[in-house]
Amino acid sequence: CAVSGSLIDTYVKCRRMNCARLLYDSLHDQDIISCTALIIGYSLDRNYIRDAMNLFCKINQTGLKFDNIILCSMLNISANEASLDLGRQIHARAVKNRSKHDVALHNALVDMYAKSGELKDAHLAFDEMQIKNVISWTSLITGYGKHGLGEDAVTLFEKMENNGVKPNDVTFLSLICACSHSGLTSKGMNFLDLMVQKYAIQPRSEHYSCVVDLLGRGGFINEAYSFVKKMNVEPN
RNA sequence: GGCCAGAC
């Protein structure tokens, strides 16, 4: 019922996976919601990925219908494990669910393909989306950055702005990291500026780390050093 | 009562 479901969710959020599972196993109505909460909990810890898979297979055998949220959580597991085969299987299920308008699910698809290095498929999933949000754009930018395609990340970011979508702190973090990995030092610095000046986003320590990385990799060690000294957050 | 993006 809803009470045990939310109790499972509470255990999961406190990372008490054993308690969560014990409670789940004791339920007679193991519904899709408590199952999803468990799977999400498992997915947060690499040591529990097998448990997530096993639970998913078990549910699959009972013939219980998968909804978009559980598919979404399985896509995240596929993405983080770079398990493309599983990802494609989940994708097929999602298509069967007629979930064209589910933004979160499609974002998870874009993310899964992007993290797996299947940037063509990621872009395809992205283009197919009827409604996109800042997460859709950021996921793809991150994917390009992660695979050393900084120029593509920058191009996509510009397209994002031209489409009137407002980037956020995560978008800039991904973008600056993308520049860092592709040696686009001055572009990266310009983006930091753009973030602060145009979008009034205050850099967090993650942004600073990224910028130090950007300068360091670009060979600007002294600049990196003076940058650290000027930062208005605690260095870490 | 359960879902999506952040480098090293």
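In the text below, chain A, chain B and the rest are named by the order of the sequence lines, each starting its count at 1.
Residue His106(A) is out of contact with every strand shown, counting any heavy-atom pair closer than 4.0 Å. Using a 4.0 Å heavy-atom distance criterion, Lys132(A) is classed as making no nucleic acid contact. Residue contacts for Ser139(A): at a heavy-atom cut-off of 4.0 Å it reaches the sugar-phosphate backbone alone, with no base atom in range. Residue-level contact check: Ile32(A) touches the bases, meaning some heavy atom is under 4.0 Å from a base atom. Nucleic acid contact for Ser180(A): none, since no nucleic acid atom lies under 4.0 Å from a heavy atom of the residue. Among the protein residues, Asp31(A) comes within range of the nucleic acid bases, having at least one heavy atom under 4.0 Å from a base atom. Note on Cys35(A): nothing from the nucleic acid sits closer than 4.0 angstrom, heavy atoms only. Within 4.0 Å (heavy atoms only), Ala2(A) reaches at least one base atom of the nucleic acid.
At a threshold of 4.5 Å between non-hydrogen side-chain atoms, the residues Lys13(A) and Asp9(A) count as touching. Side-chain contact check for Ile221(A) versus Tyr225(A): every heavy-atom pair is 4.5 Å or farther apart. Between Glu118(A) and Met112(A), the closest side-chain pair of non-hydrogen atoms is not below 4.5 Å.
Read 5' to 3', the first and last nucleotides of RNA chain B with an atom closer than 4.0 Å to a heavy atom of chain A are G1(B) to C8(B).
To the nearest 0.5 angstrom, Trp137(A) atom CH2 is 4.0 Å from Asn163(A) atom CG.
No donor-acceptor pair closer than 3.5 Å links the side chain of Ser180(A) to the backbone N or O of Ile176(A).
Relative to the six-membered ring of Phe126(A), Lys132(A) meets both conditions, a distance below 6.0 Å and an angle of at most 45° to the axis.
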